[in-house]
Amino acid sequence: MTNRLTGYQNAAPKVTLEYADGRQLLLDVYTNEIIRVFMNRGRATNSYAIEGDKHHKTSYTVEDKGDHIELRTPSLIVKAYDNCKVDFYDGDGNPLVMDYRGQRQPLPNDLDEEHQSTVLAEGHDINLLDKTNDHYYEVIKSMSPDEQFYGLGDKPGFLNKRGYDYDNWNVDFGQVHNESVKGIYKSIPVMYGLKNGHPYGLFFDNTYKSHFDLGKESENYYYYSATDGNVDYYVLGGHSLKDVVANYTYLTGVTPLPQKWVLGYQQSRWGYSTSDDRVAKIADGFEKYHLPIDVIHLDIDYMRGYRDFTLDTTKFKNPKQFVAEMRKRGIRLMPILDAGVKQDKDGYDIYQEGIEKGYFVENPDGTVFVGRVWPGDAVFPDFGRPEVRNWWAKHVKFFADMGACGVWNDMDEPASFDGELPTDLIFHDGEQKTTHTRMHNVFGHLQAQAAYEGMKAATGKRPYIITRAAYAGTQKYSTIWTGDNQSIWSHLQLAIPQLNSLGMSGFAIAGTDIGGFQKDTTPELLTRWLEASLFVPLFRNHAEMGTRYQEPWSFDRQTLDTYRDYLNLRYRFVPFLYDQLRHETESGLPVMRPLVLNYDQDPAVRQINDEYMVGTSILVAPIVNQGADKRLVYLPAGKWLDFWNNAEYSGQQTIMVNAPLEKLPLFIKKDTILPWGNKVKHISDEPEKVMTFRLFGDCGAYKHYQDNGLDFKYQEGEYNEYYVEVANDGQVAVKLNKHGYQPTYERVYVETDRGRFEFDYDDSNEDYRLVK
């Protein structure tokens, strides 16, 4: 039966489509390239991903075409038909997102009705068309033969998601992550498509459990389904895939600029925090073997009986003094914080205060829900309430007072040793009561927000927060890591597409546990993992208690020497990475990115899983297979230089590269200038006095950013911008285009094939002069 489209109402920026059965479909024009599609199904309409009003005043037209209603912006065309069907085209009329007119068909298999219940009872994963409840809905889109899919956050598997299906429901998944796993710790429901080479994005802003099938069930369609919630999604347009990603981060927020030292090397192990002596000995090892380091992480053992916001003084006798002593050695300490609060009626203030104020999640009968995590019986803060987040943020000052450098949130899916929390638990969505089903996927997001706001208020500095669980927009508050990976080659292989997907999904600062968290690494695996992570923004080695030690000196001399070489090389690239993060705050584009993001019209890059780019000028092609000492590398358009020997290659070809254990295949786009950091053991809070820039090629130009690397004064204009140029005729220039941060480099070197050029700062005209 046809549900006829009877008319529309236009109240800019919203066009309401009206149907014969009384339903209304809203088209909300946010910008030329962003249109929201919304159908109210009686659920809360507030967004946890999008803060503030993101509408830009946009000119558009609406016209009744007889068989459809057409909305046009300069960049998007929407055609609305009967039965709530809407099709999206780019401004040139190329199809982007088209509603499917047929019905879903089950994936062909030989499962009969007799065996279905048995297979389900044994826990096997099978495809069914059954709705899970009365609130369930589907959005089905037509798929072309040449359609590719990207994004979706940290879903395990390949960069191109076509042919797979995924769940959006945060889970503590301790088994091996691979492409058959439908979801792990994060739910980032944004996907990007290339439809016959034309880019688009779809962001489904729904916190309930949902599902993507990206052509697994059928070659004719892909679909999104949700167990509950309103129909609420954004169609993102743009001339390039980079434009589309930037539109998503415009909506959900960019990753803020971190403190500069966050880009330094970080060492962690569940077990370091068993005593201050153990931590000090790890620091001694880095000093003894001349290895740079900036952060040591403290896992759960530093707490008193795993109680949040406590420190065991039998293990850390004078915690504040110890943290200060480590800081003098150039090392910051990063403590973990779990989501579950120990149920303790004997004077534990966090529990008592939370109980008295009614701040914890409740059972349907009004009693406080008790789960089981590291401290044993535990209760969970109801972070959907602003007053609970404020309370938690106030207690985060505990870490600032002890001198810790940040907060590392864990177990915030939320996780429980007794399995998933019941779906009927009572949470709050603001001031309104709701259930676990609505708030589960934003629990970690809201805990991260509270930690961010607490550290910012307590220190005035850019907060360093890490979280395991996340939702769309969490990048505004927290860095992330990919959770409990394993010391296996397949997880090294997974790291590259996983981090590239996270970058496209808004998370510019992310990382994996170098060497693997679970199981036992090998010298070769650890070395290759470190090499592969050279430009990964969150640069942390982390391992589980009871596994083989992963400190660089725990293996043979070759492993130690290679590890040292790559740590030193990382610190050389820190100024470049910091520049890239500054660029990210303005462009919304990630630092680490897949080749397809930069070259979306090159079919050869659409399924590359073992290479990545840093910005637009560096290409990294790690070895990710055991025993390999050479590999094929695809170079996209342009001229490329081998970082190690300056050999030049033309792009749009695949080359064979030798890569013995100590070599990472690394290429720089010809005619690129890069900042070259000083060799240091730690990233200092003091401003650097000397900076070097290296030219790769014959000529080039580069803009370099400098601020104090610590606080928010840069937002008030307290920063410097340098311009370095090597012209075609070999002339070299260094200019200070903006002087908002008082200290400048006293001396700048520019290294080219023609020599090393030295520039001194001239106070009289606030610029640089070439030293003859």
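Every value quoted in this text rests on a predicted model; they were computed, and no experiment measured them.
- The shortest non-hydrogen separation linking Asn541 to Tyr563 is ND2-OH, 3.1 Å.
- For the pair Lys663 and Leu661, the minimum side-chain heavy-atom distance is 4.5 Å or more.
- Donor-acceptor pairing under 3.5 Å is lacking for the side chains of Tyr200 and Asp90.
- The shortest side-chain heavy-atom distance between Leu581 and Val591 falls under the 4.5 Å cut-off.
- Considering only residues two or more places apart in sequence or on other chains, Ser268 meets the side-chain hydrogen bond (donor to acceptor under 3.5 Å, both in side chains) condition with His542.
- Using a 4.5 Å heavy-atom threshold, the side chains of Tyr741 and Pro687 count as touching.
- Taking both residues in full, the closest heavy atoms of Pro537 and Leu263 are given as O-CD2, 3.8 Å, listed atom of the first, atom of the second, then distance.
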Start with the C-alpha gap between Lys735 and Asp767, add the side-chain angles, then the distance that decides, and say whether salt bridge (Lys or Arg N to Asp or Glu O under 4.0 Å) holds. CA-CA 6 Å; Lys735 298 178 181 179; Asp767 217 333; over 6 Å; no

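- With sequence neighbours excluded, the residues that form a salt bridge (charged side-chain N to carboxylate O under 4.0 Å, His left out) with Glu758 are Arg747.
- Distance alone, capped at 3.5 Å, is enough to place a donor-acceptor pair between the Asn720 side chain and the Gly740 backbone.
- Glu746 pairs by the side chain to side chain contact (heavy atoms under 4.5 Å, CB included) definition with Lys689, not counting sequence neighbours.
- A pairwise comparison of heavy atoms in Val614 and Val620 identifies CG2-CG2, 4.1 Å as the closest pair.
- Ser478 places a side-chain N or O within 3.5 Å of a backbone atom of Thr467 that can act as its donor or acceptor partner.
- Looking only at atom types and distance, the side chain of Asp707 has a donor-acceptor partner in the side chain of Tyr705 under 3.5 Å away.
- With sequence neighbours excluded, the residues that form a side chain to side chain contact (heavy atoms under 4.5 Å, CB included) with Asn598 are Lys242, Arg593, Met613, Thr616.
- Remark: the backbone N or O of Ile296 is not paired with any side-chain donor or acceptor of Gln266 at under 3.5 angstrom.
- Although no hydrogens or angles enter the test, the distance criterion places no donor-acceptor pair under 3.5 Å between the side chain of Asn609 and the main chain of Phe158.
- Around the CD atom of Gln558, the shell of radius 6.0 Å holds no more than 12 heavy atoms that belong to other residues, nucleotides or ligands.
- No side-chain N or O of Glu721 forms a donor-acceptor pair with one of Asn737 less than 3.5 Å apart.
- Taking a 6.0 Å sphere around NZ of Lys703, one finds it holds 12 or fewer heavy atoms contributed by other residues, nucleotides or ligands.
- In this view, Glu688 and Lys260, Asn678, Met691, Tyr745 satisfy the side chain to side chain contact (heavy atoms under 4.5 Å, CB included) rule, not counting sequence neighbours.
- Under the 6.0 Å distance and 45° angle rule, Lys456 counts as a cation-pi partner of Phe712.
- No more than 12 heavy atoms of other residues, nucleotides or ligands sit less than 6.0 Å from atom CG of Asn728.
- Taking the side chain as every heavy atom from C-beta outward, Ile668 and Asp642 never approach each other to under 4.5 Å.
- Side-chain atoms of His491 do not come within 3.5 Å of backbone N or O of Gln493 as any donor-acceptor pair.
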What do the steps show when you test Asp698 against Lys670 for salt bridge (Lys or Arg N to Asp or Glu O under 4.0 Å), and what is the final call? CA-CA 8 Å; Asp698 303 320; Lys670 187 180 179 182; 3.5 Å; yes

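- Using cut-offs of 30° and 60° on the angle between ring planes, the pair Phe576 and Tyr702 is tilted.
- No side-chain donor-acceptor contact under 3.5 Å links Asp284 and Tyr289.
- A donor-acceptor contact shorter than 3.5 Å is absent between the side chain of Thr249 and the backbone of Val254.
- Pairs passing the side chain to side chain donor-acceptor pair (under 3.5 Å) check and including a residue from residues 498-512, sequence neighbours excluded, read Lys161-Ser501, Thr512-Trp529.
- Met504 approaches Val245 most closely through the heavy-atom pair O-CG1, 3.7 Å.
- For Asp685, the side chain to side chain contact (heavy atoms under 4.5 Å, CB included) partners are Trp261, Arg327, Arg332, Leu710, not counting sequence neighbours.
- The side-chain tip of Arg564 does not point at the ring of Trp553 from less than 6.0 angstrom away and within 45° of straight on.
- Side-chain atoms of Thr252 do not come within 3.5 Å of backbone N or O of Gly473 as any donor-acceptor pair.
- For the 3.5 Å distance criterion, the side chains of Glu524 and Thr527 fail to qualify, holding no donor opposite an acceptor.
- Here the closest heavy-atom approach between residue Gly193 and residue Phe149 is recorded as CA-CD2, 4.5 Å.
- At distances below 3.5 Å, at least one donor-acceptor pair connects side-chain atoms of Gln475 with backbone N or O atoms of Gly253.
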As a quick check of understanding, evaluate side chain to side chain donor-acceptor pair (under 3.5 Å) for Ser554 and Glu551, giving each step before the final call. CA-CA 5 Å; Ser554 300; Glu551 296 77 30; 3.2 Å; yes

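- For the residue pair Gln267/Tyr265, the side-chain donor-acceptor check at 3.5 Å is satisfied.
- Glu662 pairs with exactly one of Asp561, Thr562, Thr559 by the side-chain contact (heavy atoms from CB on, under 4.5 Å) rule, that one being Thr562.
- Side-chain contact between Leu770 and Val732: absent, with no pair of heavy atoms (C-beta onward) separated by less than 4.5 Å.
- In this structure, Val295 and Cys405 have side chains that are in contact, with non-hydrogen atoms separated by less than 4.5 Å.
- Nearest heavy atoms, Trp408 versus Met334: N-CE, 3.8 Å.
- Looking at Ser533, its side chain never comes within 3.5 Å of a backbone N or O of Val536 through a donor-acceptor pair.
- Remark: Glu531 engages Arg528 in a salt bridge (charged side-chain N to carboxylate O under 4.0 Å, His left out) (not counting sequence neighbours).
- Residue pairs meeting the ring pair (Phe, Tyr, Trp, His ring centres under 6.0 Å) criterion with at least one partner in residues 646-678, sequence neighbours excluded, are Phe573-Trp676.
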Could you check Thr692 against Glu751 for side chain to side chain donor-acceptor pair (under 3.5 Å), going step by step and ending with a plain yes or no? CA-CA 7 Å; Thr692 299; Glu751 296 179 351; 5.0 Å; no

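- Residues passing the salt bridge (charged side-chain N to carboxylate O under 4.0 Å, His left out) test with Arg631, sequence neighbours excluded: Asp610, Glu611.
- For the pair Arg582 and Tyr719, the cation-pi criterion (under 6.0 Å, within 45° of the ring axis) is fulfilled.
- Judged as a side-chain hydrogen bond (donor to acceptor under 3.5 Å, both in side chains), and not counting sequence neighbours, Tyr768 has no contacts.
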Step-by-step side chain to side chain contact (heavy atoms under 4.5 Å, CB included) determination, Leu152 to Ile188: CA-CA 5 Å; Leu152 298 185; Ile188 320 295; over 6 Å; no

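- Although no hydrogens or angles enter the test, the distance criterion places a donor-acceptor pair under 3.5 Å between the side chain of His739 and the main chain of Gln742.
- The list of ring pair (Phe, Tyr, Trp, His ring centres under 6.0 Å) pairs with a residue in residues 679-699, not counting sequence neighbours, reads Phe693-His704.
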